[in-house]
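First up is the structure itself, then whatever we jot down about it.
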Amino acid sequence: MTPFFQSIACGRPATSEFADPSYTSNARGHAALGISQHMILTLAFRNLFHDRIRLAVTLVGILFSIVLVAVQLGLYLGSSRMITGMIERSTGDLWITAYGAKSFEEGGILLTPRERHQALVTPGVKSVIPLVVSFAEWRKPAGGSTRVVVVGSDAEDGGLVPWGLVEGTWEDIKAPEAISADQTYLKDLGIEGMGSTAQIATGRVRVRALTRGIRSFTQSPFVFTPLQRARNLLNVEGEKSTFYLVQLEPGASVEEVKSQLVRKLEGAEVLTKQEFSDRSLTAWLFRTGAGIALIGGALLGTLVGTVIVAQTLYSSTKDHLNEFATLRALGSSAGYIHKVILAQAGLSAVVGYALGMSIALLVLWLSRNSPLPLVMTPGLALSLFALTVFMCAISALSAIVKVTKIDPAVVFSR
Amino acid sequence: MSSKQPVLVAENVVKELGKGAGKVMALKGVSLSLVPGELTLLMGPSGSGKTTLLSILGCILTPTSGEIRIGGTATAGLEPEALAELRRKYIGFIFQSYNLFPTLNALENVRIALDVLGQKGYPAAARAEEVLREVGLGHRLQNYPSNLSGGEQQRVAVARAIAASPAVVLADEPTAALDSENGHAVMALLGRIAKEQNRCVLAVTHDPRTLGYADRVIHIEDGKIVREERRPEGINSPEITDLTKKRRKANV
Ligand SMILES: Nc1ncnc2c1ncn2[C@@H]1O[C@H](COP(=O)(O)OP(=O)(O)O)[C@@H](O)[C@H]1O
Ligand SMILES: [Mg+2]
C-alpha cells in the first residue's frame with residue numbers, strides 16, 4: 001500500500017477484515033489508475049462505441065452534412081472570389097460607374113472624359129484611371145465563336161493589370177494586336193497558346209502573354225489588352241470608358257471624396273471598392289439564383305445532418321435510459337446526465353468533423369483545376385466546426401428532453 | 001435498544017400510486033427509523049409495498065402524506081434536484097438486478113458513483129479500488145459486468161453503494177438473483193458494513209436465508225407494518241427467528 005492510499009483511507013473505520021486474500025499480495029498496485037480520469041467522457045465514449053452501427057450512422061450523418069455544406073459554401077466562396085477578383089485586384093479606392101452598373105462585366109453605358117476631368121479636379125483625388133470592360137464575341141481560328149470579357153487597361157496607370165503571368169510580359173501585350181489570355185480557357189477559346197491568333201469583334205488579336213488562374217465566374221474568359229486597343233476592338237468612340245478607377249491622395253478620406261464626387265457627377269455612380277464588390281456579388285449570385293441554390297444546399301445539408309444525428313443520439317439515449325435512471329438514483333444532478341449526453345454529442349461532432357473535413361478537403365483538391373474550384377479558408381473550416389458542434393448540440397436537445405422525463409423509480413422495476 | 005440517534009426517520013408515510021381506476025394505496029401509514037450500526041430487513045409478500053417504501057426512504061419517490069427526515073432534514077416539498085442532493089449525501093443504493101453500467105468495468109462502475117458526488121481524479125480511483133478490495137474483488141477491477149458472475153456483480157454494486165461512505169444503505173432484494181452461497185456472502189457483507197462501518201443498512205427481502213444476518217426484521221403486509229422483531233444485543237446466533245418471535249415489539 002502506498003502512503004497516499006493510506007491517507008485517503010484514514011478517517012474511516014478499519015475494514016481490513018473485508019480484504020480479500022489478494023489484497024496484500026496484489027503487486028499490480030494502481031495500474032488500474034492509468035485509464036481515463038474523466039468519467040463523463042469515459043461513459044459518453046463507451047456509450048457511443050458500444051453500438052458501432054449506430055455510431056457509423058451518426059458519423060455518416062455528420063460527415064454527409066459537413067461535406068455537403070463545405071462543398072456548397074466552398075462553391076459560394078469560390079464563386080465570390082471569381083466574381084470580385086478583378087475588383088479586389090484593382091488598386092483604386094473608389095469606382096466611378098455609369099448609373100445602375102450591375103457588375104464588373106456589365107458596366108452599362110459608357111462614361112465620358114468630362115466625368116474624368118471633373119473627378120480629377122476633386123480635392124483628395126490623386127489619379128483617375130480609365131478602364132474599358134465589355135463582353136465581346138471571340139471568333140476561334142478554326143471557326144465557331146464564344147464570348148469573352150475584354151478588359152482594356154494601361155499597366156502604366158497601375159489600376160488593373162493581369163496577374164499571374166506565366167508567359168510574356170505586359171510590354172508584350174503593348175505590341176500590335178497583342179492580348180493576354182488565361183491558360184485555363186485555351187480550349188474554350190479554341191487556341192493553342194502563345195502566338196495563337198483569333199478575332200475579337202472585328203479586330204484580329206494575337207496571344208502574347210499567358211496568365212494562370214484568372215478565372216471567370218461567367219465562364220466567359222477574361223482577355224487583357226491596352227486601353228486604346230480595347231476601345232478600338234469594341235468600337236468605343238472618343239475617350240469613353242466603362243469605369244474610372246479613383247486613387248486617392250494619401251490621407252484623404254474615402255467617404256469625403258466619395259460624397260464630393262457624388263455631388264459633382266450626375267448620371268454616374270461612385271462606389272467604394274467594397275460596395276462595387278458587393279454589387280457584383282449580388283448581380284451574379286443572387287439575381288441569378290445561384291447563390292440562393294448554394295446557400296439553400298448548405299442549409300439542407302445542415303438540416304439533414306441534424307436530423308440524422310438527433311435520431312441516433314435519441315435512440316442511444318433511449319437504450320441507455322436505465323443507466324441514466326441509475327445515475328439519477330445514485331444522486332447525480334440532472335446537469336450531470338446532460339453532460340454525458342452532450343459529451344456523446346461532442347465526441348460525435350469531433351470525430352464526424354475530422355472525417356467530414358478530410359473528405360471535403362479531398363473534394364477541394366479534386367476540384368482545383370475545374371472551372372469552378374472550391375475554396376476553403378480557415379474561417380470556413382472554423383465555421384464548419386462551429387456548425388457541427390451546433391448541429392450536435394441541437395440534436396442533444398431531444399435526448400435531453402427524453403432523459404429529463406425519466407423517473408429514477410424505474411431502477412427498482414427492471 | 002440502541003441509544004444512537006436515528007439517521008433516517010419515516011413518520012406515518014402514505015403513498016398512492018397510479019391514477020384513476022388503477023390507483024393503489026401502496027403504503028397506508030408507515031413509521032420507522034433507522035439507526036447506525038444496524039442491519040434491518042424489510043420482509044413481506046410480493047406487492048406489500050416494500051419497494052415503494054424503500055424508494056420513499058431513499059428520496060426517489062415522495063410520500064403522498066407523512067414525513068421523511070434524513071440527517072435532520074425534512075424532505076417535504078423539496079424539488080427533484082434537492083432530493084438528488086440528499087441521495088448523494090446520505091444514501092447508497094443496491095438493486096436486485098445490480099444496475100451496473102455494462103460499458104464500464106468494475107472499477108469504473110464504482111468511480112462513476114464517486115464522480116457523481118464530485119469525487120474525481122486519483123483519490124477517487126484509489127478509493128474505488130480500495131472499496132472493491134473490501135468486497136473481495138481486488139482481482140476483478142478491470143472486468144466488465146458481462147465477465148463477472150452474479151455474485152461478483154452484486155458485490156460491485158455493494159462497493160458502489162458504500163464507496164462514498166453514505167450514512168444509509170438501502171438494498172432492494174439484493175440476494176434475489178443470487179445462488180445460496182453468493183446470497184450469504186452479500187448478506188454477510190451488508191451485516192459487516194452496518195456494524196464495522198456503523199451505517200444504517202435496510203435490505204428488502206423475502207428470502208428466509210437472510211434472516212440470520214439481521215439485527216432487526218420489519219414485516220410489512222398490504223402497505224402496513226404488522227410486526228417488528230429485534231435480535232437481543234450481544235446474541236450472535238444466526239438463528240434469529242425463534243428469538244425474535246418472543247420479542248415482538250408493540251410500538252410499531
Ligand atoms: N407505478 C405504479 N403504479 C401503480 N401501482 C403501482 C406502481 N408501482 C407499484 N404499484 C403497486 O403498489 C403496490 C406495492 O408495490 P411494491 O412496492 O412494488 O411492492 P413489493 O416491492 O413489496 O413487491 C403493488 O400493489 C403494486 O402493484
Ligand atoms: Mg419489490
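So you know, we letter chains A, B, ... as the sequences are listed, proteins then strands, and number each from 1.
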Identify which part of [X] has an atom lying under 4.5 Å from any heavy atom of chain A, answering side chain, backbone, both or neither.
X       : value
B:Tyr90 : neither
B:Pro80 : both
B:Leu83 : neither

Grab the two heavy atoms, one from [X] and one from [Y], that are nearest each other, plus how far apart they are.
X        : Y        : value
B:Pro145 : B:Leu104 : CD-O, 3.1 Å
B:Ala163 : B:Arg127 : O-NE, 2.7 Å
A:Leu384 : A:Ile66  : CD2-O, 4.4 Å

- Message: Under the side-chain hydrogen bond (donor to acceptor under 3.5 Å, both in side chains) definition, can you give me all pairs with a residue in residues 44-53 of chain B, not counting sequence neighbours?
- Response: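 Output for this query lists B:Thr51-B:Asp172.
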- Selection from A:Ala325, A:Gly331, A:Ser332 maximising heavy-atom pairs under 4.5 Å formed with chain B: A:Gly331
- Item | Most contacts with chain A, counted as non-hydrogen pairs under 4.5 angstrom, among B:Arg160, B:Arg87, B:Glu173 |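 Most pairs with chain A among the choices: B:Arg87.
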- Donor-acceptor pair between A:Ser316 and A:Gln344 side chains, under 3.5 angstrom: yes
- Query: Which residues, numbered in order, of residues 385-409 of chain A come under 4.5 angstrom of chain B by heavy-atom distance?
  - Reply: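 Near chain B, by residue number: A:Pro408, A:Ala409.
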- Under the ring pair (Phe, Tyr, Trp, His ring centres under 6.0 Å) test, residues paired with B:Phe95 that sit two or more places apart: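 Partners of B:Phe95 by the ring pair (Phe, Tyr, Trp, His ring centres under 6.0 Å) criterion, ordered by chain and then number, come out as A:Phe412, B:Phe93.
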Show every donor-acceptor pair shorter than 3.5 Å between a side-chain atom in residues 349-366 of chain A and any protein atom, with sequence neighbours excluded, or say none if there are none.
| from | atom 1 | to | atom 2 | distance (Å) |
| --- | --- | --- | --- | --- |
| A:Tyr353 | OH | A:Ala381 | O | 2.6 |
| A:Ser358 | OG | A:Ala354 | O | 2.6 |

- Proximal component of A:Ile337, with respect to chain B [non-hydrogen, under 4.5 Å]: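 A:Ile337 has no heavy atom closer than 4.5 Å to chain B.
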- Flag the pair B:Glu81 and A:Arg328 as a salt bridge only when some basic side-chain nitrogen lies within less than 4.0 angstrom of an acidic carboxylate oxygen. yes
- Is there a ring pair (Phe, Tyr, Trp, His ring centres under 6.0 Å) between B:Phe101 and A:His320 once you walk through the steps? CA-CA 9 Å; B:Phe101 295 82; A:His320 294 282; 9.3 Å; no
